[in-house]
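By convention in this document, chain letters (A, B, ...) are assigned in the order of the sequence lines, proteins followed by strands, and residues within each chain are numbered from 1.
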Amino acid sequence: MREVAIVGIGQTPVGEHWDRSLRDLSVQAILDALDDAHIARADALYIGNMLSGELASQEHLGALVADHLGLAGMEAIKIEAACGSGGAAVRSGALAVASGQQDVVIAAGVEKMTEMSSNCTTRYLASAADGDYEAAQGFSFVAINALIMQRYMYEHGLHKEDFAPFAVNAHANAVGNPHAMFRRPITEAQFRAAKPICAPITLLDSSPMADGAAAVILCPLDRAREFSERPIRIAASALATDTVALHDRRDVLFLQAGYESARRAYRQAGVGPDDIDLFELHDAFTIMAALSLEATGFAERGQGVRLAQEGEITRRGRIPICTMGGLKGRGHPVGATGVYQIVEAVQQLRGQAGDNQIEARRAMTQNIGGSGATIVTHILETMD
Amino acid sequence: MTMKPSRQVGIVGYGAYVPRYRLAAEEISQLWRGGQDRDTLPVREKSVPGPDEDSVSMSIEAARNALQRAQIDPTQLRAVWVGSESPPYAVKPTSTIVAQAIGAVPSTSAGDWEFACKAGSETMQAAIAMVGSSMADYAMGIGMDTAQGRPGDALEYTAAAGGAAFVFGPGEEALAVLEASYSYVTDTPDFFRRAHQHYPEHGNRFTGEPAYFHHVLSAGRHLMESLGLTAEDFALAVFHQPNVKFPQRAAQKLGFTAEQIRPGLLVGDIGNTYAGSSLIGLTGCLDAAQPGDRILMVSFGSGAGSDAFSFVVTEQLSKRRSLARTTQDYIARRQPVHYATYARWRSKLLLK
Amino acid sequence: MDIARHWRLRDQRYNLQGTVCAGCGHKMFPPRVVCPECRSRKIETFEFSGQGEVYSHTVVYQAPEGFDAYVPYVAALVRLEEGPLISAQLTDVNVDEVAIGLPVEMVTRKLTEQEENGLIVYGYKFRPRF
C-alpha cells in the first residue's frame, strides 16, 4: 500500500446559501481545492453526502459533479454514511490512492440543507437512525442525542449547564474562521438561557443545519511535492461501525465505534492520545463532544465534560478541539462535515489558520454518523 | 319477541376504557354562555381522548382487559365486532386492527357496526346470537366512541370518549349469564350526521320523549314483562346515559331506585360515551355486583332504537373481576385539561 | 404512502413481537435473524410482556414531519423487564413527572397520520403504570 498525502484543500463558507445549489457549492469547493494543488483535473472523485436525494431531489451526485467540473469520464461516486459521509469519502479517496488504482483523487463532501422546511429536514435527518424502530416512533435525531445526554447526566451526576464550555469554545473559535456560520462568541449565561429543542438539549448544545461543501486533493506521498509546498501526510484512516439504533447498544454512553476507529488509527500512526496536538471532533451536540473525547482516550469515562470545564479543550489547553469552530460554530452541513474537519486540520498543520493558529504537527479528526453507528477517525501529520 | 339463545350464553370477560383527560362542563359554559347555565349543566365533566387516541386504540385496550378476565386464548374468538360512530376510517374496518392487536386473527369474523349510540349493544346481540347458535364458543362485542359535538352546541357538554368490550361465551363459563334480550327500533330521526360532516344535527327536545324515552321504556318494559320480572327483581340497572337526568328519569318510570342505578351511572364523571355509554355502565355494574345479582341493561341509539338485556351474575365474577383494571380505576385516573387543549387535540382549530 | 412497510411491522408494533436466541437465550427487540451475542442463526419468536421502566427520556419540542400534532411529547428509552432497551414515546404522562426508573407499561396508540387521506399508523407507546 502507498502512503497518501493531502495536497489541496477547498471549502465554501458554511451558511444558508439560498442562491447556490448542490452542484454550485460542490464545484466551487472542488475548484478551490484543485487550484490549491495547482492542477486542473484528477483521476477520481469520491463525494460524501447524506441527503441530496431527499432534500434536493438529486441523486447520482458523483457523475453530476464530475460533469460540472468539466471532468466527465473520470471515476466518480457518492459515499453515504449519514453525518459520517464526509469522513468516509476521504477514507475512500485515501484507499483508492493507497491501493495504486488512482493517483490524484478528489475527496469532497457537500450538503444542501436549506431546500426544505425544517420539520421536513428534521424528518430526513432521522433517517440516520433506525427507520422502523426509532424514526417511526417520532424520534428526531436531536431526541436520540438527548436520550444519551439525559442518561449521561444521570450516571455522572452532571447538570446541563456543565456542558457549556463545549459550546463557548466552539463559538470562540468560530469568530476567527472566515468560513464559519456563527462568527460570534457566546457566554455561559446565554447557554443557560437557550431554548430547549429536545430537553435537555437546547439550541446552544446543537450544531446548526447549514449548506456547505469542502474538498481535499489526495495523491501518493512520494509525489506530494509536485502539487504542494506543504503537503500533509495521512498517517491513519480508520472506520468502524456500531449498532444503528441507540437501543441496541451494549452501552448507550460509550462510542464503541469511536473507540475502535481511534484504536486502529493510533496503531496505524504508531501514536497515542498524548501525541495529538489538536482534535477536530464531531460536536453535533455537546454530549457528542464529551463522548468523543472519552472514546479516543483523552478523558476517562464520564470525564469528558470535566476536561472541558478545566479549559483543556481551548486553543491553549492540553487538547484543543474544534479549533475553527467545530460543528457548533462553523456549522454542520452533514455530509460535508467530515471533509471540513480534514480541511481545517490541514489549515492548522500548514500554519494557515490565521487568528486561530495553534502550534501543531499532528492532528486528529473524528467524524460521527448517526448516534455513533459509523465513526471515521483520521490522523494527519506535517512532513517537516 | 323476546330473544333467547338456544344454549346458555353469558359474559365471560369484560373490560372498560376511559381516556385520562377531563374537560369540565363549567368551562364550556363559561366559554360559550358566560356561565349563564352553570346551575343546570348536564354533566360535571367529560372525558377527552389524548391526541394519540381514537376508537381503535381505545377498543384495543378495552378488548385486552376483557380478554384478561375471560382467560381465553384470543384465537378462540370467532368474532371481533366494534360498534362506533367515530371510526377513524370512513372505509377500512376498525375491527380488523383490534382483532390483529389482540391476537384474534386470522380465523375470526370482524366488522364495524353503526347505529349511533346503539352500535355497541348491537354487537352484543350479534355475539350472543353467534355463541347461542353454537356457531362459535366465543365472540367479542365492543362499543367505543370519541364523540364530537359542535363547539357551542348543547351536545358539546357531554360528547365524550370511552366504552367497553365484552367476550361472550358458553353459560357455564360466564361471569354473568344472559336471561333474555329484546330489541326495539323505529324510524325516528332525532339525531344524525350526514356523510363528510364533522358534527351531528339533533332535534333538541325531540330527542327526549319520542326518541330516548319511548324506545328505552318500551324495550325495558317489554323485556321485564316477558320475563315476569319487576324492578325489585333486579339488583342493578343501567340505561343509556346521554346526560345524568335521562337515565334517572327512565329508571324512575320503570320503578328503579337511585341505589339500583348508581354503580352504572357514570355520565356525570365521564360524559356521554355514545356507543360505549350503556356498555361501560354495565362494566360499572359488574365491578360492583354480587353472585346472584340480576342486572338490566337498556341501550339507546338515535335513529332510533334500544336493546335490552337481563343478566344474572355467577360465582365466577368475584374470582375474575380483579384480573383487569376496573371502570373506576379508569375514572379515577383523571387529568383535567382546558378548553384550548381540548380544542387542539380534537382538531377544532383551523390548521389548513 | 409507504403502506407495506407499516403493515409488515404490525406484530412488532401491536404486540412487541421480538426474537429469542435458541443458542444462548438472548432476547431481542426488534427481531433479528442473527444473534448479536453468539452469532447463532437459530432464532425463535418471542413476545415481550410490555412491562418496563424508563432508562432515559427527552421532551421533543421540534418534531419531525408527521409528529407536530403531538408536540411536546416524551421520547424515551425503556428497559423492558426481559432485558432489551426499546425506543418509544411515553403517553398519558405529564412532562414533569417523567424520571429515570419510572415503571411503565405498553399501550397501543396512534403513532402518526400520513396526511388527511393517508394511513393511520398504530403502534406501541408506554405510559406510567397505574
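- Counting heavy atoms of neighbouring residues, nucleotides and ligands inside a 6.0 Å radius, atom CZ of Arg264(A) exceeds 12 of them.
- In this structure, Arg41(C) places its CZ atom where only 12 or fewer heavy-atom neighbours from other residues, nucleotides or ligands lie under 6.0 Å away.
- With respect to chain A, the highest number of heavy-atom pairs below 4.5 Å among Val60(C), Leu111(C), Ile100(C), Val78(C) belongs to Ile100(C).
- Not a single donor-acceptor pair under 3.5 Å links the side chain of Glu134(A) to the backbone N or O of Ser87(C).
- Neither the backbone nor the side chain of Arg79(C) comes within less than 4.5 Å of any heavy atom in chain A.
- There is no contact between Arg249(A) and chain C, counting heavy-atom distances below 4.5 Å.
- In this structure a side-chain-to-backbone donor-acceptor pair under 3.5 Å is missing from Tyr61(C) to Thr202(A).
- Interface remark: of the candidates Asp130(A), Val142(A), Leu147(A), Leu147(A) forms the most heavy-atom pairs closer than 4.5 Å to chain C.
- Only the backbone of Ile86(C) comes within less than 4.5 Å of a heavy atom in chain A; its side chain stays farther off.
- Nearest approach of Phe67(C) to Ala136(A), heavy atoms of both residues: CZ-O, 3.6 Å.
- At a threshold of 4.5 Å between non-hydrogen side-chain atoms, the residues Pro30(C) and His247(A) count as touching.
- No side-chain heavy atom of Thr58(C) sits less than 4.5 Å from a side-chain heavy atom of Ile201(A).
- The 12-atom threshold is exceeded at CZ of Phe182(A), counting heavy atoms of other residues, nucleotides or ligands nearer than 6.0 Å.
- More than 12 non-hydrogen atoms from other residues, nucleotides or ligands lie less than 6.0 angstrom from CD of Glu161(A).
- Between Gln62(C) atom CD and Ser206(A) atom OG the span is 8.5 Å, to the nearest 0.5 Å.
- In this structure, OG on Ser56(C) lies 12.0 Å from CD1 on Ile144(A), to the nearest 0.5 angstrom.
- Atoms CZ and OH, on Phe139(A) and Tyr73(C) in that order, are 8.5 Å from each other to the nearest 0.5 Å.
- Residue contact with chain A, scored on non-hydrogen atoms closer than 4.5 Å, involves the backbone and the side chain of Phe29(C) alike.
- Heavy atoms closer than 4.5 Å to chain A are found in the backbone of Ala63(C), but not in its side chain.
- In this structure Asp248(A) satisfies the salt bridge (charged side-chain N to carboxylate O under 4.0 Å, His left out) test together with Arg32(C), sequence neighbours excluded.
- Between chain A and the residues His57(C), Met28(C), Gln12(C), the largest count of heavy-atom pairs under 4.5 Å involves His57(C).
- For the pair Pro64(C) and Gly138(A), the tightest heavy-atom approach, listed with the atom from each and the gap, is CD-O, 3.8 Å.
- Within 6.0 Å of atom CD in Glu115(C), 12 or fewer heavy atoms from other residues, nucleotides or ligands are found, so the atom counts as exposed in its surroundings.
- Near-neighbour residues of residues 116-127 of chain A relative to chain C, defined by a heavy atom under 4.5 Å from a heavy atom of that chain, comprise Asn119(A), Cys120(A), Thr122(A), Arg123(A).
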